[in-house]
Every structure is written in C-alpha cells, then in structure tokens.
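Labels below follow one simple rule: chain letters A, B, ... track the order of the sequence lines, proteins then strands, and each chain is numbered from 1.
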Amino acid sequence: MNLTMDGRPAAFEGRPTILEVARANGIYIPSLCDHPELEPYAACRLCLVEVKGRRGYVPACSTAAEEGLEVLTATPEIQALRRGILELILAEHPNACLICAEKSSCDELKSTIRKTGEVTGCVLCPVNGRCELQRVVEAIGVERVHFPSLRREGEVRRDDPFIDRDNSLCILCGRCVRVCHEVRGASVLTFVSRGSQTVVGTALNRRLFESACRFCGACVDVCPTGSLADRAVRYERLPDEEKRTLCTLCSQGCGLRLELREGRILNALPDPEGAVNHGQACVKGRFLVKDAVYHKRRLLRPMVRRDGRLQETTWEEALTAAAERLAGFGAGEVAVAGSSESSCEDLFVLHKFAAEVLKSPSASGPWTGCAAARLGEASAENFHISDIGEAEVVAVFDVDLPVTQPIVGLAVHRAFRKGAAVVSVGPEEAQAGRWSSIKVGLPAGKAAGFLRALAAVIRGSGGAAAVKAGGVDKEKLLEIAGLLTERTPSFFLVGPEFLQSPGRGSTPAAMRDLASLTGSRIIPLDGTANVRGEDKIARAFPAKPVTTEDLFAAVNRGDVKALYLAGPFPKLASGAAKLVIIQGSYTDENAEIADIILPETTSFEAEGTFVNIEGRIQIAGRAVEPLGEAKPGWLILSGLAGKMGGAGFGYSSAGEIRKDLAGAAAAFKDLVTLPGPPEGLFLFEGPVRPEAMTGEKEARVRAAKTRPSERRDTDVYKGLNLALETKSLRLVRGR
Amino acid sequence: MSSELSLVQRIVSQHHHRKRSLIPILQDVQGRSQWLSPETLDEVARELDIPPAHVYSVATFYKSFSLSPRGRHICTVCMGTACHVRGGAAILEHFERRLGIKAGETSSDREYTLERVNCLGACALAPLAVVDGRYYGQMSETKANQVLETVKPSKAGRRGDR
Amino acid sequence: MPYRSHLLVCAGTGCVSCGAFPLKEALEKEIARRGLGSEILVVTTGCNGFCERGPIVMVHPEGIFYQRLKVEDVPFLVEEHLIKGRPVQKFMYVPPEEKRPVPKMADIEFFKHQRLIVLRNRGRIDPERIEEYIAYDGYDGMAKALTSMTPEEILAEVTAAGLRGRGGAGFLTGRKWELCRREKATPKYLICNGDEGDPGAFMDRSVLEADPHAVLEGMVIGAKAIGAEKGFAYIRDEYPLAVKRMGIAIEQARGLGLLGSDILGTGFNFDLEIVRGAGAFVSGEETALIASIEGQRAYPRQRPPYPAQHGLWGKPTVINNVETWANVPSIIRRGAAWFSGLGTEKSKGTKIFSLVGKINNTGLVEVPMGIRLQEIVYGIGGGIPAGRDFKAVQIGGPSGGCIPKEHLDLPVDYESLTQAGAMMGSGGMIVMDEDTCMVDIALYFLRFTQEESCGKCAPCRIGTRQMAEILARITGGEGSDEDLEKLERLARAVKQGSLCGLGQTAPNPVLSTLRYFRDEYVAHITGRSCPALVCKNLIAYYVEPEKCVGCLLCLKNCPVNAIAGEFKKVHVIDQDACIKCGACLNVCPAKVRAVSKYTGEKGRAINSGLPRQEPS
C-alpha cells in the first residue's frame with residue numbers, strides 16, 4: 001500500500017502508524033513518549049502532523065497509515081507548533097544548558113562539575129550526551145524558552161540499589177510506567193496525583209525496593225531524560241566502544257550490548273536486537289555483569305600447591321604439573337566434572353579430554369535436579385519463547401519466573417494481557433503477589449497427587465479420594481480442568497523442584513500423562529546458560545552419564561581418586577581425593593584444598609557458543625580481553641591434552657572446535673552456519689519419537705524420583721553467588 | 001480464630017471482587033472510614049489482587065478521595081462560576097481566616113476540614129457552602145459566622161449524610 | 001375518591017437545602033390537623049427550575065405558584081387558600097420592578113417563554129413514583145420502539161429528528177448511533193454521561209432528580225437501536241440526590257419489567273448500572289469517562305478510534321449526555337417531524353440552560369433553539385438585579401466564551417455561538433454585569449482548567465498553567481506588554497496541541513475575553529487598573545469622609561481590624577492592613593453607602609495614603 005509523505009510516496013504493509021512509516025522512509029518526526037515496544041500514548045504531542053482532509057493535527061504515533069493518505073510532517077505551522085510545545089516541555093525541565101550558546105566550549109568543565117548531586121543543566125546530568133531530549137531539542141531547534149521555569153520540586157531519590165530517581169528531570173512521557181506495566185507486568189511505577197502536580201512514583205511513595213521492584217532496569221532504559229538513571233555510570237565518561245555479546249548468567253540467552261571505555265566494561269545494556277530478549281533484561285544481566293567480570297574472587301593466575309601452599313606460577317609449569325600428576329592414575333580413577341554454564345566449545349573439549357585422554361567418566365550435567373532430565377529426554381525439545389506469548393492457557397509449576405526465567409516470564413505476561421489463563425502452582429507462600437488467573441498453593445509432596453487429581457477429573461474418573469489427594473478444593477480443580485480441556489494452545493512450564501517426588505508416585509509420569517491428556521506442551525525450565533547444549537554434547541560421547549552426586553559418592557568410596565573440576569562440585573573433605581585440579585573463574589571452597597588451579601575466563605572474555613532454554617544456538621562474542629592470565633577453558637584443556645599426548649587437540653580458535661562439534665553431535669550438525677537463518681539456529685531435532693521410555697530414561701527418571709535436592713540458587717554464576725557477593729543484589733533478593 | 005471480615009473485605013466482597021470496581025470500592029470504604037489510610041489502600045490492593053501502585057494512582061487522581069484524616073466537621077465552599085461571580089472567593093477566604101486553615105487542610109485539633117468543590121449544581125443559591133452535609137445558600141460573612149457558631153460545640157460522632 | 005387539590009412541593013437540591021422537606025412535613029401536619037387529609041394530597045416533585053425562589057409549592061389544579069415559603073407560613077396558607085379558597089398574595093411571585101404579584105405559574109415570565117420537552121414532567125410528578133411517570137405517557141415511546149419498530153426505524157427516526165448531542169459538542173446523535181450499530185463486535189454498551197462538570201451548570205442534575213425515568217426510557221430505546229444489552233449511568237459524586245433518585249427509578253423500572261430481561265415480554269434485554277464519579281471534571285470527556293468506568297485514572301485517549309467503534313473495554317460504545325437521552329422518548333412518541341419543527345435548521349429541538357449569575361430569575365430554563373439571547377436574559381431572566389448594567393453572558397463553561405452586549409441579539413444555536421467565540425457547551429449560562437472583571441473571569445476559568453487537567457499531555461498540563469500564571473500576574477498588577485501576545489501564542493499551542501477537548505477548548509475563555517474586552521486587559525497592564533473594581537491588588541477601599549456617619553459597623557466587621565474610628569466619627573481604613581475582603585462595603589447601610597472602591601491612579605493614591613486621612 002502507499003501513502004504520500006511530504007510529497008514523496010511511501011510504501012507500507014499491514015497497519016503501521018504514520019510514525020513508523022516515516023521512520024522506515026528516513027523522515028524525521030520527533031517524539032518523546034513513543035517507544036517501539038510500547039503501545040502508543042500520544043501524550044508529548046511532538047509528533048503532530050497534518051493529514052489532508054482531517055481537521056487539525058493528528059499524532060503520527062497513534063494514527064494508522066492508510067492507502068492514499070496525504071501527510072505533511074514539517075510545514076511552517078507544524079514546526080512552529082512543535083517549537084511551542086517543546087518550549088512548554090522545557091519549562092518543566094532544567095533547560096539552561098540545552099539552549100546555551102556556549103555549549104561547545106563547555107567541554108573542559110564538564111567532567112569535574114558533574115559530580116554535584118542536583119541537576120541544574122545538562123553538564124550536571126547523568127545522561128548528558130545520551131539524552132533523547134537533547135537530541136529532540138537539537139533537531140527542532142529551540143533558542144529561547146519564553147516561559148518561566150516550573151520545575152518539579154523534590155529530592156533526588158537515592159535510597160534504592162542501582163537506580164536514582166530525579167523528578168525534576170521528568171517530562172511525564174509515561175514510558176517507564178508503561179514499560180513496567182505493559183511489558184514487565186510488575187506495575188511498580190505509576191502516575192501519582194493529577195494535572196501539573198502529576199509525578200511518577202510508587203505506591204505510597206515507597207522505595208522501589210519496597211514496591212516489589214525487580215530492578216530489571218527497563219524503566220531506566222526507556223527514560224528519555226536522566227530522570228531514571230543508572231547510578232553506577234552516573235559519573236562515568238561516555239563509552240568509546242560497544243560490543244555485542246550474550247548474557248550467560250541464566251538460561252534465557254539475552255543479547256547484551258556492553259559499553260566499554262579503554263577496554264573496560266562500563267555498562268551492560270540489553271540489546272534491542274537480541275533475538276530472545278528484544279531489548280529487555282533482568283537485574284543480573286543489566287546491572288551485575290561488571291561485578292561478575294571484575295569480582296575480587298576472580299582466579300587470575302595459575303597456581304600449584306607446593307609445601308602445603310598454593311603458589312602462583314606460569315601456565316607452562318602449571319600445565320606440566322597437571323599432566324604429570326594426572327598421568328599417574330589409571331583409567332576410571334580420574335573423574336571430570338563439567339558445568340552447564342560453560343560454552344559448547346569448552347564442554348566439547350572437556351568431554352573429549354575425559355573420554356580420549358583420561359578415559360574417565362565425566363559428570364555432565366545435567367546436574368541433579370535438572371527438570372529436563374527428570375522428565376525424560378523427549379521433553380527437552382526446542383520451542384520459541386514467543387510461542388508462549390500466544391498461549392491460551394499457561395500452567396506454571398513452581399517457577400519464580402521474574403527471577404529465574406525473566407524472558408519466559410515476559411511472554412507469559414504477554415499472554416496474560418491478551419486474555420490467557422495463567423495458573424500458578426507452587427508453595428503457598430510463593431503465590432502472593434503473582435499475577436495469575438488462578439493460584440494454587442501446594443504444599444511439598446503434593447505435586448503428583450495434584451496432577452493425578454486433575455487427570456482424574458478430566459477423565460471423569462475422579463472419585464472423592466483422588467480429588468482429595470489433590471490437596472486442592474474441587475471447584476479449583478474443575479476450573480483448571482475446564483481451562484485445560486477447552487482452551488488451546490496450553491503450556492506447562494515446569495521447574496526442576498516440582499518434579500521431585502519425595503512422596504508417593506512419580507510426578508514426572510503424572511505430568512506427562514496430564515500433558516498428553518490435555519494436548520499441552522511441557523516445557524522444562526532449567527536455569528543455566530548452556531544446559532541444553534551440555535546435554536547434547538555429553539551424549540556425543542560414549543561414556544555413561546553420571547551426576548556430580550554420583551561422582552562425589554565415588555570419591556568418598558575411594559573409586560575415584562583424582563578430580564578435574566571444571567564445574568560446580570560438592571565440598572570435598574581435605575584429603576578425600578589424591579589430586580584435585582580446578583579449572584574455574586572464582587575461588588570457592590574446593591579451591592582451598594585444590595592442588596592445581598587453572599584460571600578460566602568468564603564468557604565475556606572469550607568467544608563461545610551457548611544454547612539457551614529454547615534450544616537456540618547463539619555466539620557470545622568476546623567483549624574484553626581476558627583478565628590476568630585467565631584463558632578460555634578449551635584452550636587450557638587443549639594445552640593439557642597436548643602435554644598428555646592427546647591427539648586432535650590442537651585448537652587455536654573457537655571456530656575450529658565448532659567444526660568438530662558439528663561432526664560429532666547430530667544436534668549441532670548446522671553449527672558452522674552460525675549465526676544461521678533470520679529466525680535463528682536451533683539444535684537439530686530428529687523425528688519425534690513416540691513416548692517410549694528407554695532403559696536409560698527410566699533410570700534417569702527413577703534417579704530423579706528418589707533423590708530430592710535443594711532448590712538451585714539461580715544467582716550463582718560459575719560458583720560465585722552474586723546474591724551474596726554483591727551488596728545490591730543481596731538487598732534485592734532479600735538475603 | 002475469628003472469621004470476622006474487615007471493612008475492606010466486606011466491601012470488596014459486596015462488589016464481587018471485581019477489579020474494575022476499584023473506584024466504587026474506594027468510595028464505599030471512605031464512606032465508612034472517612035479517609036483512606038495507607039493500610040487501607042494496601043488492603044484494598046491485596047483483596048482485589050491488583051498492584052498497590054494502581055490503587056494509589058487512582059486514589060490520588062480523583063479529588064473525592066482523602067488520603068489524610070479529615071476533621072469532625074467538613075466545610076465545603078463551592079467555587080463554581082455562578083458562586084465565583086457572586087463572591088464565592090471571598091467566602092472561601094473568610095472560612096480560611098475563621099478556621100485558621102487553607103482549603104484542602106484539616107485543623108490541627110482535627111475538628112475542621114475545609115474543602116473547595118467545583119460546583120455543586122445549586123447555582124441559584126450562590127454563593128454556597130456546605131457544612132456537615134447541610135447546604136447553606138446566599139452565603140455572606142455574617143451568615144458564615146452564624147453557621148460556624150452552630151457547629152462549634154463539637155457533637156461527638158454523628159455527621160449528616162452528604 | 002379523587003383529591004380536590006394537590007400541593008406539589010419542589011424537592012430539587014436547591015429547594016431541599018432551603019428546607020423543602022420540613023415544609024412538606026409542616027403542610028402534611030397542618031392538613032391533617034384541619035381534617036383535610038382525604039381531600040388534599042401533598043406531593044414532592046423534582047426541580048421546578050426557578051431555584052432562586054425556593055422553597056416552592058404549586059397548588060393544583062389552579063396552577064398557583066407560591067415561592068420562598070417558610071414553615072411558619074403554613075397555617076396561614078392552609079387556612080386562607082385551602083379552606084377559605086383565597087390564594088395568598090404575599091406568598092406569590094412579584095416580578096422585579098413591579099408591584100403586583102403573578103399568581104399562576106403559566107403567567108410568570110420565567111416559565112411563559114419556556115418550551116418543555118425534556119423537562120416536561122418537572123414540578124408535576126413525584127420522581128420516586130414510577131406510576132406518575134407512566135401516567136404522563138411514560139414508557140409509551142419505549143413500548144412503541146420495542147414492539148413495533150426495528151432498530152433501523154428507530155435510528156431513522158432519531159436521525160430525521162436532527163437531535164444533536166446536548167453535552168457540548170453537538171454531534172448528530174443519529175449518526176453516532178449509526179456508527180456504533182455498524183460495528184460487529186459485541187457486547188455493545190450504552191453510557192449516560194451525567195458527569196456534568198461545567199461549573200454553573202445543573203441541567204443534568206435537575207433532569208436526573210426530577211425525571212430519571214425519561215433518561216431510562218431513552219436509553220432502552222437507544223439500546224434497541226444499536227444492539228446493546230448493558231448500560232452505565234455515570235453520575236457525578238457531587239450529586240447524591242441524583243444518584244439516589246436514579247437508583248430508585250432503576251429499581252422500580254425493573255420491578256415492573258420495564259428494565260432487565262425480556263422487557264415488556266418482547267425478548268429484549270437491557271439493564272443499567274449506576275457508576276458514581278469521583279471528583280474529576282475530565283471524566284466528562286468520553287474516553288476519560290470510559291477509563292473511569294474501567295477503574296483507571298480518567299485519562300483521555302487519542303481518537304480515532306472513537307468510542308462508537310472502540311470504547312468500553314474495547315467494545316463499541318455509545319455515550320450520550322443526560323439531556324440527549326431524555327429527548328429520545330419524546331421523539332419516538334411524537335415523531336421526528338414534530339421535534340424538527342422546533343428550533344432552527346441545523347439545531348433542532350430545545351435546549352436546557354442554567355441561567356445563573358447576575359440575573360434576577362436564576363434557574364433552569366428550557367427554550368427552543370434559535371431563541372435570541374436577549375429574550376433569555378431579559379424576558380425569562382428578568383434582567384440584571386439592583387439596576388446594574390449587563391456586561392456579558394458566559395456560555396459553555398470552561399470551554400466556552402463570553403458574549404458581550406452588542407451580540408445580545410444572537411440566536412442561541414450551535415453554529416452561531418461557536419462563530420461568536422463561545423460554545424453551546426452543556427448549557428451553563430452565567431450572566432455578568434459591570435461589577436464583573438473579565439480578566440478575573442478568564443483567570444478563574446484557566447485556574448479551573450489547570451486544576452482539572454488530567455496532566456497526560458504537555459500542552460494542556462503546562463500550557464494552561466503558564467496561561468494562568470500570566471493572567472495572575474496581570475490581575476495582580478504585574479502584567480507586562482508582551483503578555484497579551486504571549487497569551488495568544490500559548491493559546492494557539494494549547495488549542496492545536498492538546499489531546500482532548502478539555503485542553504483544546506481551555507484557551508477559549510481567554511480568547512473570547514481578549515476579543516471583546518481587550519481594553520480591560522490593557523487597563524490592567526498599562527493603567528494598572530481594574531475597571532470593574534474586582535482585582536484586589538489594583539483597588540483600594542475607602543471610606544468617604546463626607547458620607548460616613550460613624551456607626552462602627554464596618555469597624556466591627558473588619559476581619560483584620562484595619563478600620564480605625566469612634567462612634568459618630570469618620571472611620572478610616574488602614575490601607576496597609578486592608579485585605580480587600582469587602583466586608584466593610586457589604587455591611588455599610590444602604591442609605592449611607594460610605595464605602596467606595598477606587599482603582600487606577602486614584603486607587604494607588606489611596607493605597608499610599610493620599611489624601612491623608614485622620615479620624616476626625
């Protein structure tokens with residue numbers, strides 16, 4: 001379809017807004033309240049344009065493009081109107097610097113006087129140089145503000161972690177309120193009072209922290225001024241470089257843009273083009289990447305224990321020592337523990353090393369307590385988080401979505417807003433404050449009974465006893481049963497803890513039964529960055545899978561005498577193993593008794609491939625040079641393997657490893673085509689096999705059934721518990 | 001354990017827990033408790049299962065709602081155009097002087113609250129003031145003084161319907 | 001046995017606050033005491049319209065109109081009129097400037113020129129008794145619409161009648177219904193906009209209090225036309241009696257099967273819920289009203305899409321004003337041709353106006369469209385009290401403008417008023433005399449708009465505040481020469497830029513007073529004077545030494561003790577302490593008139609103590 005804009009034809013499809021058509025055609029229409037992720041708001045009135053045949057002016061952001069429209073975006077009258085409106089906005093906002101003629105020669109003063117607290121002009125503002133209002137003022141051209149200043153009064157709120165709030169800079173565009181409500185479903189920020197007394201605030205003016213804010217940072221990211229600002233970069237200079245990478249602090253696979261200055265990370269921002277997150281993030285990816293990379297517990301130098309003490313040494317010495325000592329053990333006496341947070345490259349080389357050089361079992365994940373494993377292999381299939389956004393029914397089984405699966409949580413919220421029914425099932429105390437249509441508080445041990453009761457009700461075979469075993473009253477069961485049978489598509493989002501079955505019966509079996517009965521799709525939700533990848537890589541090697549618990553038991557039995565720990569492992573007693581080599585990024589309890597320490601990079605210091613919870617394969621680019629002497633895991637292992645006579649370990653780049661991995665594991669057969677097609681590259685899945693349980697799966701399911709585990713702390717990254725090791729996150733999590 | 005419902009619970013239940021009835025619920029609660037305390041607002045949010053920010057946002061938008069305790073006697077002066085043209089502003093100032101508070105405030109002894117309202121629709125009686133629910137038309141300084149005399153010995157408890 | 005006489009006691013809000021109910025009780029008691037209980041019935045009715053004169057009692061069947069009755073008058077009235085058959089002259093209405101009373105309502109100028117369609121039942125039925133509404137052809141229109149008309153036929157009738165929205169915008173009602181009818185989405189909703197927020201307007205209040213069934217009936221008919229089953233009556237929180245009467249009406253209508261499911265056995269369902277406003281003028285705007293019913297802040301939304309297409313909870317919704325709905329039954333009952341025979345070519349039917357301010361006959365009037373403004377002000381309104389000069393009449397509330405003397409011959413219809421810089425609005429007509437300062441009026445309206453602005457869009461939120469600040473400076477004597485140009489520039493930005501009607505029309509009072517009374521603005525700015533002697537910073541109160549008799553009245557009544565003087569000695573106002581409250585002027589006896597107000601140079605001279613005055 002076509003319309004005319006400023007005399008030129010502009011083509012469009014579907015039903016975009018006039019503003020969207022303008023942008024697609026390179027025509028500038030200013031706007032401060034519009035945002036691509038939010039519904040149009042039409043409040044700033046800067047985007048007013050003229051449409052032939054319509055009275056007055058219409059806001060381009062909320063007027064639909066139609067065939068044959070004649071639009072004028074910049075007549076002299078419109079420009080005068082825009083200037084007038086902008087002047088009014090500037091009367092509510094400190095504007096001295098914005099219209100100052102000496103702007104350009106102010107440079108030398110800028111970096112020092114910015115450290116005052118109150119903002120009276122751009123030079124003192126945390127977002128100077130990256131402020132949307134500044135850009136609009138430049139584009140429209142305002143030389144003088146003819147009105148007296150009507151600045152909002154009030155202190156700058158500094159009483160929350162991460163975020164400063166300065167109402168004197170607010171222009172009431174409403175983006176923060178809208179993103180918090182429409183996109184994040186948190187509804188922490190809102191408009192308070194009315195008219196020119198309106199301010200953006202929280203319920204009863206409480207701290208964000210006391211208002212159930214998760215500190216995802218979305219409000220800061222959409223704020224066009226410095227009203228909501230990231231405190232950590234307040235006094236920093238502007239970045240000189242930007243690198244795209246992935247966040248690996250959980251399993252969503254969000255795209256991040258890291259801002260660097262002189263090679264150092266200043267800030268992490270969500271990538272608007274992130275295939276999974278589309279510009280959203282969570283508190284970890286948004287605010288804690290710097291802490292993770294530069295944490296004081298980082299292992300930065302190779303170390304070897306001599307005379308009872310760990311001493312720093314060179315790589316050559318450390319690797320030689322490791323090779324020599326490992327060679328002293330027989331097949332099966334050395335065990336390797338991997339991590340589902342490591343990259344595919346790291347994991348491939350690790351498993352290869354364990355299988356070919358050490359000829360030893362390796363503890364792959366899935367670490368005990370993995371939901372996918374508990375359900376059996378057929379359940380860990382590829383899916384699109386966006387599909388959940390189109391669901392009619394979503395049942396969430398003991399997953400704290402905003403904390404552990406934030407992007408999945410956003411999709412569930414999207415579905416909820418569109419009218420989907422969301423059933424939240426989990427421990428009683430965790431149900432308060434969740435947005436959902438139905439809340440089911442289920443005490444521990446009742447999971448299987450509940451699922452079976454639902455199935456019974458649906459089948460019509462629900463005797464009173466079966467219903468009672470559900471632990472939930474009958475009306476609720478009927479309601480949920482009704483939803484599941486009448487509306488489709490329906491998803492079961494399952495957390496690992498729900499699938500424990502300390503009581504009678506198998507929860508996984510009951511869940512699979514209910515899912516097939518209702519045509520629901522089960523999606524097991526695990527929390528680490530590469531749990532899907534690790535699962536597939538481990539299977540590419542012949543060794544039987546073992547869990548870290550298995551290994552730990554074997555160590556204590558004395559079957560395993562030496563350990564190569566490249567991942568989390570229970571705390572070893574001193575002397576439990578004859579040799580402990582740790583390849584890691586942070587010190588932990590086991591590091592204290594380790595014999596050799598090989599410092600590993602975090603994902604931000606080395607290129608690596610990760611498979612997110614959807615099964616999507618993405619490359620996390622290297623953002624900064626490795627800190628200290630740290631090296632990527634695959635490089636360490638290649639060196640070590642080489643010293644132990646292993647063949648085929650001469651890797652010098654991640655790309656080379658990917659070639660081998662593609663050949664070794666069917667799931668990765670298209671790996672070398674990364675970044676892949678526009679819709680993304682996913683793990684290759686063979687034809688879906690019927691739900692027959694092989695012996696292997698049976699064993700796994702039984703294992704899961706009888707071994708409950710503690711709830712995994714999702715704030716742990718490679719052994720570093722961010723919630724304990726950083727003051728801000730500790731506060732946010734309430735620890 | 002007593003299963004007695006609180007005021008908020010009763011009213012929310014009368015409105016069938018309908019989220020869209022937030023405004024009538026707040027009106028009914030204020031009708032009984034005279035003002036909306038922070039605890040009340042939180043309770044409404046809990047009972048209706050809506051975000052507290054939303055309740056607070058609505059409660060601060062509409063002028064009907066009082067978020068601070070009100071006095072035993074409520075004096076409302078009409079500021080509609082007809083009343084203005086007939087000297088309403090002077091009447092308000094007179095009340096402000098007599099009561100020692102500005103419009104929108106409550107006296108420190110919690111005896112009086114002075115409010116202004118944008119037209120009660122009784123324009124023929126302009127200028128108009130309402131004291132404790134009773135309409136007093138054709139207000140003057142003298143009449144205002146008389147009215148204030150009648151409410152001065154504060155009668156405990158009972159207030160007229162509005 | 002039929003009663004030989006009915007006493008109709010007006011019980012609209014105005015009369016109620018003047019003591020209508022005690023009066024009614026007194027009448028009933030006296031009638032009982034005199035043994036007339038089976039002959040004479042006392043009935044309360046809705047607002048009569050002549051609120052200035054309350055409490056009002058009409059005696060039927062004679063049609064005698066008694067006004068300003070007190071409880072003490074009752075025994076005499078009963079004795080003289082009801083027993084001896086001699087109507088009591090001293091309780092009757094005497095037109096201003098005249099001596100002889102006018103006994104019958106039908107002869108009183110205030111009522112004579114009115115043409116009652118919407119208010120046809122006022123003063124003659126008890127609004128809390130549905131039987132009385134029915135007795136006067138009530139629900140006949142609805143019956144006709146439900147039993148013998150198709151939705152298209154109803155639509156055609158309303159369209160042919162030319163009914164336009166009475167809430168302010170004047171949009172063709174039939175056209176709005178048509179737009180909604182065409183939409184496929186369900187359910188559809190009907191809303192009655194009773195959020196009459198214009199200060200000085202109380203038409204909708206009166207209709208809801210006096211004849212709520214007219215609104216109900218209109219809504220059922222409308223529901224049939226567009227295909228809705230649910231409706232909402234949104235009534236201002238400040239109208240408790242209207243809420244109550246509407247509630248009773250709904251209950252009674254339901255009770256008789258005239259509302260609810262299967263109305264009149266036709267299989268048509270429609271029910272109504274009352275929603276109270278919560279003190280926000282902006283919730284009178286259609287989309288803001290919708291937001292309010294949805295339980296949100298009353299923020300207007302960008303249109304299109306219009307509520308008729310995408311309204312309450314995203315469904316097609318028709319919102320009409322109380323008065324609009326109340327017109328519908330008559331149109332259906334008597335036909336479009338009858339209705340369009342009234343009024344002008346483009347403005348059909350009648351309009352209710354609230355005539356208030358500096359006018360003798362304050363009250364509610366329903367007149368045919370096209371009537372000259374002059375006739376309303378002088379004919380019906382009885383002119384300006386106390387012999388003062390007419391200055392302007394403000395029409396359309398905060399969205400409207402002032403019509404000055406030279407345009408008094410203007411016909412009152414939508415187009416003429418808009419062209420003159422005012423607006424029909426909801427029908428508030430505020431008469432102003434020479435003692436009204438037009439700059440002060442502009443400031444008053446801007447302050448109102450500022451307070452009621454929802455705050456969503458920048459032009460209205462900030463622009464009206466800037467305009468109000470400029471006006472405040474001008475009335476405070478601190479205006480400067482660029483101010484008028486600034487005001488006009490601001491007015492343009494606010495008018496063109498605002499999101500909703502509140503902002504778009506907010507500058508009208510300023511623009512209209514600038515258009516017709518520019519000289520007053522200039523006087524304030526350049527001459528530092530307020531010709532109407534209103535703006536406090538520009539006037540001085542002065543006790544004329546030659547006239548003062550030393551009665552001490554002003555001295556005693558000055559709230560800040562700013563007057564010095566002794567008995568039988570000339571009083572002197574301390575200009576520094578004077579707060580310009582006007583109490584001294586009010587209490588100075590009419591025969592003395594010793595207190596004057598001055599402005600401009602003379603005022604400034606007095607303010608600074610010249611001529612020097614000492615108490616003599």
Side-chain angles (χ1 to χ4, degrees), chain A residues 160 165 167 172 174 176-214 218-219 228 402 413 416-417 419 421-424 429 431-441 475 479, chain B residues 1 3 6 8-9 12-13 16-23 25-27 29-30 33-70 79-80 102-106 115-119:
Chain A
D160 275 304
R165 293 187 280 153
N167 262 325
L172 289 176
C176 57
V177 173
R178 288 144 62 207
V179 79
C180 192
H181 179 69
E182 287 171 29
V183 175
R184 304 303 303 211
S187 301
V188 174
L189 290 171
T190 186
F191 291 112
V192 175
S193 281
R194 187 169 89 190
S196 37
Q197 311 306 312
T198 310
V199 288
V200 168
T202 55
L204 294 156
N205 224 10
R206 297 181 175 127
R207 294 164 61 195
L208 294 172
F209 170 65
E210 288 158 358
S211 311
C213 172
R214 304 281 193 179
C219 56
L228 287 164
H413 181 250
F416 182 67
R417 261 173 81 84
V422 176
V423 182
S424 171
E429 57 289 355
Q431 295 309 310
R434 295 206 190 292
W435 38 258
S436 46
S437 330
I438 304 175
K439 297 198 219 288
V440 177
E475 293 93 65
E479 202 186 343
Chain B
M1 194 178 79
S3 58
S6 70
V8 169
Q9 284 170 325
V12 169
S13 168
H16 309 290
H17 285 82
R18 271 196 308 236
K19 295 185 186 352
R20 63 114 160 145
S21 297
L22 172 62
I23 294 171
I25 287 172
L26 288 174
Q27 284 169 324
V29 170
Q30 181 170 288
S33 60
Q34 311 315 337
W35 69 296
L36 299 172
S37 66
E39 294 74 32
T40 304
L41 293 172
D42 278 335
E43 198 184 352
V44 170
R46 263 200 315 276
E47 291 297 318
L48 274 179
D49 196 24
I50 56 182
H54 184 64
V55 176
Y56 189 66
S57 176
V58 166
T60 55
F61 180 87
Y62 293 98
K63 294 292 178 247
S64 284
F65 298 125
S66 289
L67 269 68
S68 52
R70 296 200 288 175
M79 302 300 282
K102 292 252 168 282
E105 293 176 359
T106 300
E115 288 174 346
R116 5 168 327 163
V117 73
N118 276 330
C119 189

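Each of L204(A), T190(A), N205(A), V177(A) has some count of heavy-atom pairs under 4.5 Å with chain B, and the biggest count is that of L204(A).
Of the atoms belonging to V188(A), it is backbone heavy atoms, and not side-chain ones, that fall under 4.5 Å from chain B. Proximity to chain B involves both the backbone and the side chain of S187(A), based on heavy atoms less than 4.5 angstrom apart. When heavy atoms are compared at a cutoff of 4.5 Å, L67(B) does not approach chain A at all.
Counting heavy-atom neighbours within 6.0 Å of K102(B) NZ, excluding the residue itself, gives a total of 12 or less. In H181(A), the NE2 atom is not crowded: 12 or fewer heavy atoms of neighbouring residues, nucleotides or ligands sit closer than 6.0 Å.
The distance from atom OH of Y56(B) to atom OG of S211(A), rounded to the nearest 0.5 Å, is 11.0 Å. To the nearest 0.5 angstrom, K439(A) atom NZ is 4.0 Å from D49(B) atom CG.
Contact check for R194(A) versus K63(B): side-chain heavy atoms found under the 4.5 Å cut-off.
Between the side chain of S57(B) and the backbone N or O of F191(A), at least one donor-acceptor pair lies under 3.5 Å.
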